[in-house]
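For reference, the structure discussed in these notes is given below.
Scope of the values below: all heavy atoms of this structure, side chains included, with no hydrogens, waters or symmetry mates. Atoms within each ligand, like the ligands themselves, are counted from 1 in listed order.
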Amino acid sequence: MVKYGLRLTPSFMKPLSKNLIILVLSLVVIGTIFSAANVKREAPPETIGVTALVEKINQDQITKIEVQEDTLSAFTADNTEFSIKKESNESLSELLANYGVTPEKISKLQIEVKEPSVGMSLLRSFLPTFLFVIGLSVVLWLFIRQMQGASSRAMTFGQSNAREVNNKKNRVTFAQVAGNPEAKEELSEIVEFLKTPKKFVDLGAKIPKGVLLMGPPGTGKTLIARAVAGEANVPFFHISGSEFVEMFVGVGASRVRDLFQKAKKAAPCIIFIDEIDAVGRQRGTGMGGGHDEREQTLNQILVEMDGFDPNLGVIVIAATNRPDVLDPALLRPGRFDRRVILDRPDLKARQEILATHVLNKPIAKDVDLKRLAERTVGLAGADLMNIVNEAAIFAARRDKKEIEQIDMLDAIEKVIIGPERKSHVLSEEERVMTAYHEAGHAIVGHLLPHCDDVHKISIISRGRAAGYTMSIPGEDRKMHSRQEFLDEMAMMLGGYVTEKEIFGDMTTGASSDLQKATAVARDLVTQYGMSENLGPRTYGQRDDMPFLGRNSHESRDYSEKIAEQIDQEMAKLLSDALATATRIVKDNRPKMDQVVQALLKHETIEKEEFITLIGPAVKAPKISPKPAQS
Ligand code: ADP
Ligand code: MG
Ligand code: ZN
């Protein structure tokens, strides 16, 4: 964030300095013209006609006349100067004689004939032309330079602008990548290939050509790829898939050619193609408009990967968060046949990631990374880095010398839920409504055994939410039981139920709760086989990977009749959840009023205070095998 301003300066300077040169130049030119025009302007002598001159001569006022070409300068005894113009084909004496000045008077005059000053007059006559030519050449020069720039840019259009990074300063090593032990292990093999290829070649082993890094955004794919290059200490060519896709067909393919050529010269090295799904989408599916350019680029990548000798030491690493859309040709042996998965970090990994990011920051003693890791379930490495950065900003704005736990906690909430909106003032009525709504979530969640622990309740608006209840699972779990889903749905409906029970009315504030609850109900029925009537099968095919957390599109593989049943089952699950929540809200009205009073007074309640108000949470019994039936 802070570095950004620094980085701006150089690119800003360039046009500025160019403009500055032009400005100075034009100032000089203008100045010269003015000063040239101003030469000898200081005290121009009075200009008189020939008749007047003759008169003055006849009165003996003039003592001296200087002739310079067609200009006469007449001086009186007290050195006053007069200027007179004459015709050029007439000499001075002829002129005076013609005007009837007697030879006697002429002989009294001191006449000096001056050579015309060559330099001065030349300069005067040529200066405008000279300046004009200079001006013209400057303009021409700028113009030509621009043209050359454009043409040389056109010439390098087909070249890859892959950046080669391998300097000591920003060298990344595995030590900077926290967590992901399996990925690091897989990739340290690649490091060894790059360091000592001979060992493998001697045994007849083929060094892999391509490694595909897969994982959700922000899990450190780019980081770990750079770490591989850093560990092996080889050049690293970094290019992003979208850089291949240009306006002109064929550019992508020629950039690929150029990239591989550069890499072969620099071998052993790493080519890193970031976001390869931009070019590597399945061909011929028509998805994304059947882009010709992309297909050509992809073909070229395949050709190049097949083309080079595996033992050359060029390893292509590609990263994507959409492995499901990649063309199968990319994934076959001999291409990206090695696959490394980077998953969202678990509790321990999150703690490690936080630790690497606080390393070079002043951290107060009260900062408890484990507690922070607990509060950041589901976040990726990039989010955690962001949290530490936000915490540093909070600490700085609060004029602290060290980052404290409270800054970290505030940063987590800012990143997860959104920035606090102090200006978003709720009316008293809305405040009370929000307090009851959140208290409803919290109490239902607290009293149902399978819900996550309530860590915080707040009626301060953040992001789009008027208030929020923060509940966090005690541990990272890969599996969820049916009962957990049922309790979770009840908790989601807790706010809605409370509004209905306490006020006899409902607000729009519950709409996202309803969406979430509906989605859970749908998954229960269609994905997990957890409904009683529809049984153990899935409904609808989703072609995505589960860890992407997004269903791109779903194709229906069931009948209308089943669709109706699904709706019924979902409605039943939701109405059961509603009943559960309603029961709890009705039974605990006095406690709820207490929580609401506390909320209205303090705006937020932490876990400890909540428990003193409402008693300890109900814990789920441990699941154990049923006894055998005889
Ligand atoms: P991706 O390429 O997977 O989207 P990046 O590699 O760009 O993610 O990660 C963004 C930033 O998040 C990194 O620069 C790093 O600071 C941080 N980060 C992500 N994962 C980790 C990790 N495992 N350990 C340390 N930092 C990480
Ligand atoms: Mg990346
Ligand atoms: Zn709610």
With the threshold set at under 4.0 angstrom, would you say E352 reaches ligand 1 through any of its heavy atoms? no
Is a salt bridge present between E413 and R462, judged by a nitrogen-to-oxygen distance below 4.0 Å? yes
Among R350, M214, Q176, which residue places a heavy atom closest to atom 25 (C) of ligand 1? Q176
Side-chain donor-acceptor contact under 3.5 Å, E438 with T469: yes
Report yes or no: do H437 and D513 form a side-chain donor-acceptor pair below 3.5 Å? yes
So that I can tick it off, tell me whether E231 and R226 are bridged by a salt bridge, with the cut-off set at under 4.0 angstrom between side-chain N and carboxylate O. no
Would you call K361 and E404 a salt bridge, using N to O less than 4.0 angstrom? no
Counting non-hydrogen protein atoms only, what is the nearest one to atom 2 (O) of ligand 1? Give residue, atom name and distance. T222 OG1, 2.6 Å
So which protein heavy atom does atom 8 (O) of ligand 1 come closest to, and at what separation? G220 N, 3.3 Å
Tell me the protein heavy atom at minimum distance from atom 12 (O) of ligand 1, and give that distance in Å. A382 CA, 3.2 Å
Among all protein heavy atoms, pick out the one at the shortest distance from atom 24 (N) of ligand 1; state its residue, atom name and that distance to 0.1 Å. A178 N, 2.9 Å
Using a strict cut-off of 4.0 Å, indicate which atoms of ligand 1 neighbour a heavy atom of N180. 23 (N)
I need the contact type for H357 against ligand 1. Using non-hydrogen atoms and a strict under-4.0 Å cut-off, is it side chain, backbone, both or neither? side chain
Would you call D258-K262 a salt bridge at under 4.0 Å N-O? yes
In degrees, rounded to 10 degrees, what angle do H441 atom NE2 and H437 atom NE2 make at the Zn ion (ligand 3)? 90°
For the Zn ion (ligand 3), does an N/O/S atom of E438 lie at less than 2.8 Å? no
Note: ligand 1 atoms sitting under 4.0 Å from heavy atoms of V177 are 23 (N), 24 (N)
Relative to each other, are the rings of F236 and F272 parallel, tilted or perpendicular (30° and 60° limits)? parallel
Could you tell me whether L384 approaches ligand 1 through its side chain, its backbone, both or neither, with non-hydrogen atoms closer than 4.0 Å? neither
Which bit of M385 gets closer than 4.0 Å to ligand 1, counting heavy atoms only: side chain, backbone, both or neither? side chain
With the side chain counted from C-beta on, respond yes when N233 and K195 share a heavy-atom pair under 4.5 Å apart, and no when they do not. no
Any ion pair linking E189 and R338 (charged N to carboxylate O, less than 4.0 Å)? yes
Of all protein heavy atoms, the one nearest atom 27 (C) of ligand 1 is L223 CD2, 3.6 Å
Give the residue and atom name of whichever protein heavy atom lies nearest to atom 18 (N) of ligand 1, and the separation in Å to one decimal. G381 C, 3.7 Å
As a test of reading the structure, name the N/O/S atom of D513 that is nearest the Zn ion (ligand 3). OD2
Answer with yes or no whether the side chains of E499 and T507 bring together a donor and an acceptor at under 3.5 Å. yes
Salt-bridge test for D505 and K500: reply yes if a basic N is under 4.0 Å from a carboxylate O, no otherwise. no
Run the contact test for G218 against ligand 1 with a 4.0 Å cut-off on heavy atoms, strictly below, and give the result. yes
